[in-house]
Participant: 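My questions all concern the structure below.
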Protein chains: 2
Amino acid sequence: MKRTIPLEFTVGHTEDKAAAPKKTVPATVPGNAQLDWARAENYPDYNFSDNYKLFDWMEDVYWVYSAKIKKPEIQPDEQLYFVSKGIDYEFEILLDGHPLLYQEGMFTPVELDITGTFSGEARLDIVVYPAPKAKNRARDRSEADECAKPPVSYGWDWHPRLIPSGLYEPCYLEVRPALHIIDAEMRYALSDDLSVAYIGLEVQVENCEHRGNRGKLKWELFDKNGAPVLDCSFECVCGYSPEKERLRLLSPELWWPNEHGEQVLYRSVFTLSDADGNIVDAKESRVGFRRCKLVANPGAEAPGFPFSGNYPPITLEVNNRRIFAKGSNWVEPEIFTGLITRASYEPLVKLAREAHFNLFRAWGGCIVSKEAFFDLCDEYGIMVWREFPLACNNYRDNPHYLEILDRESVSIIKRLRRHACLAIWCGGNELFTGWGGMNDQSHALRLLNANCYDHDRFTPFLPTSPVPGMGHGHYMFRYIDQAFMSPRLAHKTEGYDCLTGMIHADKTAYTEFGNSSASDVETLRSIIPSGELFPPKPDGAWMAHHGFEAWVGQGSWLYPENVEHYFGKPDTLEELVAYTQMLQCAGYKGIFEEARRQWRRCSMALNWCYNEPWPTAAGNNLVTFPAKPKPAYYAVQKSCRQQMASARVQKFDFESGEEFELELFVLNDLPEHIEPLTLTATLASDTKTYEICRWQTDKTPPSEHQKSAVYSVKLDEPENCLLRLKIEVAGRGDMDSEYFFVCKNKNSAKKIAPI
Amino acid sequence: MKRTIPLEFTVGHTEDKAAAPKKTVPATVPGNAQLDWARAENYPDYNFSDNYKLFDWMEDVYWVYSAKIKKPEIQPDEQLYFVSKGIDYEFEILLDGHPLLYQEGMFTPVELDITGTFSGEARLDIVVYPAPKAKNRARDRSEADECAKPPVSYGWDWHPRLIPSGLYEPCYLEVRPALHIIDAEMRYALSDDLSVAYIGLEVQVENCEHRGNRGKLKWELFDKNGAPVLDCSFECVCGYSPEKERLRLLSPELWWPNEHGEQVLYRSVFTLSDADGNIVDAKESRVGFRRCKLVANPGAEAPGFPFSGNYPPITLEVNNRRIFAKGSNWVEPEIFTGLITRASYEPLVKLAREAHFNLFRAWGGCIVSKEAFFDLCDEYGIMVWREFPLACNNYRDNPHYLEILDRESVSIIKRLRRHACLAIWCGGNELFTGWGGMNDQSHALRLLNANCYDHDRFTPFLPTSPVPGMGHGHYMFRYIDQAFMSPRLAHKTEGYDCLTGMIHADKTAYTEFGNSSASDVETLRSIIPSGELFPPKPDGAWMAHHGFEAWVGQGSWLYPENVEHYFGKPDTLEELVAYTQMLQCAGYKGIFEEARRQWRRCSMALNWCYNEPWPTAAGNNLVTFPAKPKPAYYAVQKSCRQQMASARVQKFDFESGEEFELELFVLNDLPEHIEPLTLTATLASDTKTYEICRWQTDKTPPSEHQKSAVYSVKLDEPENCLLRLKIEVAGRGDMDSEYFFVCKNKNSAKKIAPI
C-alpha cells in the first residue's frame, strides 16, 4: 500500500532566480510563502488597519521552498513520488539543482516519479515565480487577464491587494507499489424516470501488468448504511471506459439539496490486487445520485415580431423537480489560501444550511475551493455553481493563456465532477459586460464549454453570470443616480430604493444583488485604530477596509448618507452600526422575497455576497469574517423559509398622510400543497396600530405561490417613527413574517431609534 | 497515381430487407432512387399540381442499388477502394451479400478498401433504408427530430412532402497506390495586423512507410497568378500537425467578400513521392486568406440595473473591418438533391453577387450544400453562414442521435473549413423557440460548439438563429393580428404594415424577414392546371404550391386580401401577380433599407428567402425556381448598393389630406468617405408633383450613414392613386432611389393600376 513521507520546508526570497535566497525561514505547508515570511519577521496583523500594504514588495520576488529529502527504504517493485495537489502559481521543481518540472497553473496536481533521480540525500527546491502580471495594465485585477490565477488578490472592493502564492496544498513524498491506482472513478447517468443508475467505471492504473500478470480490480458500492449493493471485478487495463462495462443500480436512493430531501451518499470503493492476490492499493469516494439540469422558465419567451431567441434557461431542475434556488455568492474564507481547511469551511456551510439555502454561486474571482468545501456541500445539501478562475476581465484569445486554461480546467473538472453538490459549471464572473468585454465567441469560454461537455456533460454549463435575462445588482439600498435605476424606472428622477427597484425588475434570475452594512462593533474595534473609529471618515482604516470609495459612490460600502436620510444622524458607533444593519436587513428581506414572489419567471436569488476573506469595515456580506452572522443573516434566514407568508410593499419610507399599500403572498417552495389559511396584517407605530387586512386564502398548490388583492391604510403619524408590519398566519406560526419601514412627518425632527 | 473506375447501378425497392427487389430500373448516380423509379415508370412531372404525392409510398421501402464490379488489373502495391462522398441516409454496403459497412449519416464519406474481398466479378449492393422517422410524431418535420437527415423534405411551407434518398453524390471504384494521401490540408492563422499568415500542414498518408522507406511529401503554395510563393518538403508521418511545422507567409493578399475587395485565391498543392522518387499522389486546393470574427455591436449593451449580460455579438468583422452583412437565406435549389450540380448553383450565386450581397445564411433545414456551392462562393465573394442539419425541432439529448451528429458534424467541418467563404458555423434554425424548445444546455448544440472549436476555432459559432438580440420576422406585408406585431407596437390595434413594424424594431440583426409574391405567370402556368389558374382558390394546385394555408393566415403565401386592401380587386391573373409583386418590392425595399439605417446597432439583413427548390405558386423568395429573378430581386438589388440615398417613410398607404413625412439618409457601407451631396426628394401622383425637400449633406464618414431632418408635404389627391417618390443625388446618379406608395381618397372607387 501507499505510504506518505512528510516534508519539512524552509522558504526564502530572491530577485534573481539563479541566486539562492539570502535568508530562509521555516515554512508551513500547506501555507503561503508571504505568511511564513511575515510570521518569521513579526509583521503586525495584516487584518488590522492597512498593514496589508507591508506585503506589497512580496509580489515581485521568487519564493524558494527547500526541503532535504532522504531516500526511504523502498522495495524493487515500489516507486517514490513527489506529490502535491497544486502549487500557486508558476513554478519549477528542482532536485539538487536539476530541473524536474516547470509548470504554470495552480489547479493541476503534481505527481513526479523521483525513484531513480537520486540516492541517499538530496535537496528539493520549489521555485515559485513572482505574481503573474500582464504588461501595460493598471495596478488592478486586469494584471491577471493573461493567466489562470484568480484575480481577487490583485484587489477588489472587499479584498485588499495582497497576492498569496506558494505551497497552498499539501506537498509530500509517497512510496507506491509499482502497480497502483492513478485514478479510479465511478460515473453514472440516471434514466429519465430516475429509477436506474447506469454506472461506468473509469480506472487508470500504473503498470497494469505486474510480473507478467495483470493486476485485478474490485469495485464495490455500499449504501448509506454501509450495506454492499453492487460490485464487480475485472483485470486491469489502462483507461477503462464506461461504455465497455455498463452496470445498473436499480432504484438508487437520490441525493437532494437542502430541504428537498435527504443527502444520501453511497460509498464507492476500488481495491487493486497484484498477481499474487495481495491488495496493493485502494481508492474510495462518496457518490450521490442526482440529476441536475437547467431548464427554461415559463415567462422567458420573447414575445411578438421580430421574434428573438428565448433567454438562456436558468431554472434548476433537480431529480425532475423544478426548484427555486436560494442562496448566496461564495468567496474563499481567507486571503491566505494556504490557511483554508475543513474547519474554515464547515461553520459557513452549516450556517448556509440553517438559512434554508440550497445553492452557493462559488465566484470565479477566487480560487477553486479545496476538496473539503465540496465534501461539506455534499453533506449539507448545498448545491454549488462553480466558476472557473475568470472574473471581470477580458481574457483574450491568447494561445499561451488558452493552453494553460485548457489544462487547468480539465484538472478542475476531473477533480470536482464526482461531487453530488456540483450543480452548474460556469465560465466566470461578469465576462459579458462592458468591463469584461468577452462574449459567446471568446475562445476561453468556448474551450471551457467544450471541456465541460467532454468530461462532464450531464452538468449544465453557463458561459458567465449574468447572461441575457439574468440580473446582477442592484448593490445599493437607495438609488442615488438615474443610471443605476432599473430601465423600467428610468423615467423617474427621485431616489428610489431597492424595494421599488426590485418590484420593477423582470429578470429570470438574480444571481447577484447587494445591500451593505457595517460589521459589528467588536470586529470594527479589531481592525480600526480607536482614534479613527467614530465618526468614520473616508481615509485610513475605514477606507482600507472598504467602508468608503470601495465601489462607485463615495460612501460605499458604509453609506452614512443613507443612515442620515432615513433615520437621522447617529451619535455613536453603536448607533451607526445598528442603522446600517437595519437597512441591510430590510433591503435583503425585500429583495429575496420579491425574487421568490416572481416565481416562475424568476427562479433564483443569490445575494452578493455570503462571507468574506478578512474583516471588512462594511460590506454586502451576510457573515462577517471568519463565521459570525450579521443581523441580515437572520433576516434572510426568515425570508428563505420554504413555506411562509410574505408582504409586497412598494418602498421603505413613507410620509404621514400617505397610503401604506401591501399585497400578501403565501410562498410555497415545497412540492406539497398548503391548506387554506387565514392571514392578518397589522402595522404598528410607536403610538398606534393599523389593522390592514384579513385574507382568507385558497389551497396553495405544490411549488406555487398565491397572492392577495391590494390592501391599504392611510398613515397618520405626528412624529418620525418606525413602522412594524406583522403578518400572522392562524395555526401556522412558523409562517408568520415581520417587516419594518420608516414613516416621516415633515414637522418632526425626531430621530428614529434603532431596533 | 489514383485512377477511377465508374460504376453502373440499377435500383429497385423492397419492403423486406432480406428479399431482393422484384424489379429493378437503371439508376443515375449521382441521383435519387425515387427519381430513377419515377423516370422508369413514366411518372408525371412532380413539379406540376400535386403530383409529388405520387411519391408518398417511396418513403417506407428499402431501395437497393446494385452494380456488377469486375476486379481491375492492379499492381501488388496498389489497392482497390469503393468511394462515395455520401449516401442518403441510413445504408448498408454488401459485396456478394457479405456486409462491408453499415452507416447512418449522409455527410460522412465512405472509403472502403475492397482489395482483398473478391476476385473476378462481384455484386456490390447498397441497401438504403426507409426514411428515418421518430415514433409517435405527426406526419411532419418532427419525424426527423432523432436523426441527422435534414428535415425540409418532410414538408415545409415552401417545400412539398417528398423525401429523397440514395446515391446523391458520386460513387465509384478507385485504384490507389498503397502509399497515398488520405487527406492533406493547409491551415493558417493570421497575425492580428494581418501581415503574416502562420501556416500549418495537416497530412494523413496511408502506408507512409513503403518498401521500408518513407514516402516524401512536397507542399507548394502558388499565388493568384500561379507564381510559387512558398514550399517545403518532408518525410511522411501520419497526422502531421500544424504545431510542429510553422511556416510563415508574409503580407498575404487577402480574400475579401463581395464589393469589399478582391477574392484572392492561392493554390495549395501537395505532392507525394514514393521511396524511388516517383510521384504517386497529389492533392490540390484553393486557399483564401481572411479572418472572420463576430464582434459586439455598439448598442447591444444592457442598460441599467439589474444589469444583464450583453446580447451575443453578431457584427461580422472581416479582415479587421466591421461590415454590414447583406444577403439572403439560402436553400438547396432542387428537391432531388442528386440533381444538384455546379450548374444548378452558379447562376444563383452569380445573381447574389450582382445584388450586392455578401452573405448567404445556408439554412439548416436543407442538406449541407455540395462542394461546388462553396467553390462558387469562394469565387464570387459570398460569405456563407453554414448551419448544421437541425431545424425547428427539439433534438433531444439522445445518445444515439448525439453519436451520429458527432460523426456527421466532424465530417462537415473538416470538409468545409478550408473554404475562404465559410464565415459562421451555426447549430441550426430556430432551435431556441417555443417550437424548437432547445437552449444553450442542449447537448446537440454543446457538441457542435465543441466540435467546431476543436476543428475550426477561428470560425465563429452561433448556437442557432435567432439568439437573444437577433430577430426573425416579420413575414407579412400587413400585420393582420396583434400577436404578430413588434412588442413596441403592441398597444396599437390597427393593421400596421412592415414598414412601420421595421422602424419600431430594435434588433442587432434581422436574419430572417419575409414578404411574399406570386411567381410569374409563365411559372404559374407550368404548375397549375389552366382551369384552376384564376381566380385562385384555397385548394388544388394553388394550395399544393403554397399559395394558401402554407403558413399562419389562410391567405399565405398569396395573400389576395392584401392586394384587394391596397389596390382593388384584380381582374386577371396578370394583374394579381403584378400587385403581389409590387407589395413584395415595396416591403423588401423598406425592410432592407431600414435595417441598414439602423447600423451600427443592427449589422445584418438577410431576407427569407433567396431561392426555392421547386416552383412555388407564391412565396417569399427573390428568385423563382430554378434561377429566374422576381421583380423583388431587382428592388432589393437597388436597396443593397454600397453607397446610396435612402428614404425612411413610416408606412405604405396614405389618405388624401394626410401628411407624407420622410427622413433622408445617405447610406455608406464602404470604408471611404462620400463628399458633401445635394439630395432632392420629389413625390409624384397621377396628377401632380410635390417637391418635398432639398437636403445639403455634410461629408459622409467611411462606413457610416447620415440622416436629414423630417420633411413633409400634405397629400391632396381626388382619386386613389400610386405615389412615386424619387430621391435624386446631384452628380451621383448611381445613388438615386425610387419608391412607391398608395394614396386613397375615401370618395374614390378607382382601382390603382399596377406598375
Side-chain angles (χ1 to χ4, degrees), chain A residues 293-296 301-313 397 430-434 437 439-441 443 446-447 449-454 457 460-476 479 483-490 501-502 505 507 510 512-513, chain B residues 293-296 301-313 397 430-434 437 439-441 443 446-447 449-454 457 460-476 479 483-490 501-502 505 507 510 512-513:
Chain A
K293 288 184 177 185
L294 285 177
V295 297
E301 302 87 3
F305 275 94
F307 81 84
S308 202
N310 293 341
Y311 288 133
D397 300 351
E430 292 180 7
L431 304 173
F432 290 0
T433 56
N439 57 50
D440 277 344
Q441 301 303 329
H443 284 191
R446 294 184 63 194
L447 170 71
N449 192 351
N451 283 346
C452 287
Y453 185 79
D454 287 347
R457 73 188 56 180
F461 175 85
L462 285 174
T464 188
S465 178
V467 292
M470 291 161 54
H472 274 200
H474 207 299
Y475 304 90
M476 290 172 170
Y479 297 8
F484 294 136
M485 286 188 195
S486 309
R488 291 161 72 184
L489 291 174
M502 191 61 194
K507 301 302 181 195
Y510 302 94
E512 280 193 15
F513 52 86
Chain B
K293 289 185 176 183
L294 285 177
V295 296
E301 302 87 4
F305 275 94
F307 81 85
S308 200
N310 292 341
Y311 288 134
D397 300 352
E430 292 179 7
L431 303 172
F432 289 3
T433 55
N439 56 50
D440 278 345
Q441 301 303 330
H443 285 191
R446 294 184 64 193
L447 170 71
N449 192 353
N451 283 347
C452 287
Y453 186 78
D454 287 347
R457 72 188 57 178
F461 176 85
L462 285 173
T464 187
S465 180
V467 291
M470 293 161 52
H472 274 200
H474 207 298
Y475 304 90
M476 290 172 172
Y479 296 8
F484 294 136
M485 286 187 196
S486 308
R488 291 161 73 186
L489 289 175
M502 190 62 194
K507 301 302 181 193
Y510 302 93
E512 280 193 18
F513 51 87

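Throughout, protein chains are lettered first and strands after them, A, B, ... in sequence-line order, and every chain is numbered starting at 1. Excluded from the calculations below are hydrogen atoms, water molecules and symmetry mates; all remaining heavy atoms, backbone and side chain alike, are included.
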Participant: Which bit of Tyr510(A) comes within less than 4.5 Å of chain B, counting heavy atoms only: side chain, backbone, both or neither?
Facilitator: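 Tyr510(A) touches chain B through side-chain heavy atoms alone.
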Participant: For the residue pair Pro306(B) and Gly473(A), what are the closest heavy atoms and their distance?
Facilitator: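 Taking Pro306(B) first and Gly473(A) second, the nearest heavy atoms are CB-O, 3.7 Å.
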Participant: Could you tell me which of Lys507(B), Lys293(B), Met502(B), Glu512(B) has the largest number of non-hydrogen atom pairs under 4.5 Å with chain A?
Facilitator: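 It is Lys507(B).
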Participant: Which atom names give the shortest non-hydrogen contact between Gly309(B) and Pro468(A), and what distance separates them?
Facilitator: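 Minimum heavy-atom separation between Gly309(B) and Pro468(A): O-CG, 3.7 Å.
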Participant: Under the side chain to side chain donor-acceptor pair (under 3.5 Å) rule, collect the residues that match up with Ser465(A), sequence neighbours excluded.
Facilitator: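 Ser465(A): side chain to side chain donor-acceptor pair (under 3.5 Å) contacts with His472(A), Thr511(A).
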Participant: Is Glu430(A) close to chain B through its backbone or its side chain, or both, or neither, when contacts mean heavy atoms under 4.5 Å?
Facilitator: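 Contact with chain B involves the side chain of Glu430(A) alone.
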Participant: Just so I understand: if I count every heavy-atom pair under 4.5 Å between each of Asn451(A), Asn449(A), Asp440(A) and chain B, which residue has the most?
Facilitator: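 Counting heavy-atom pairs under 4.5 Å, the top option is Asn449(A).
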Participant: Please examine the side chains of Arg457(B) and His443(A), heavy atoms only from C-beta on, and report whether any two atoms are closer than 4.5 Å.
Facilitator: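 Yes, side chains in contact.
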Participant: Is there a side-chain contact (heavy atoms from CB on, under 4.5 Å) between Phe305(A) and Tyr475(B) once you walk through the steps?
Facilitator: CA-CA 9 Å; Phe305(A) 275 94; Tyr475(B) 304 90; 3.8 Å; yes
Participant: At a heavy-atom separation under 4.5 Å, does Leu431(A) approach chain B through its side chain, its backbone, both, or neither?
Facilitator: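 Neither part; nothing is under 4.5 Å.
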Participant: Whether the side chain of Ser308(B) engages the backbone of Met470(A) through a donor-acceptor N/O pair (distance < 3.5 Å, no angle test) should be reported.
Facilitator: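 It does hold such a pair.
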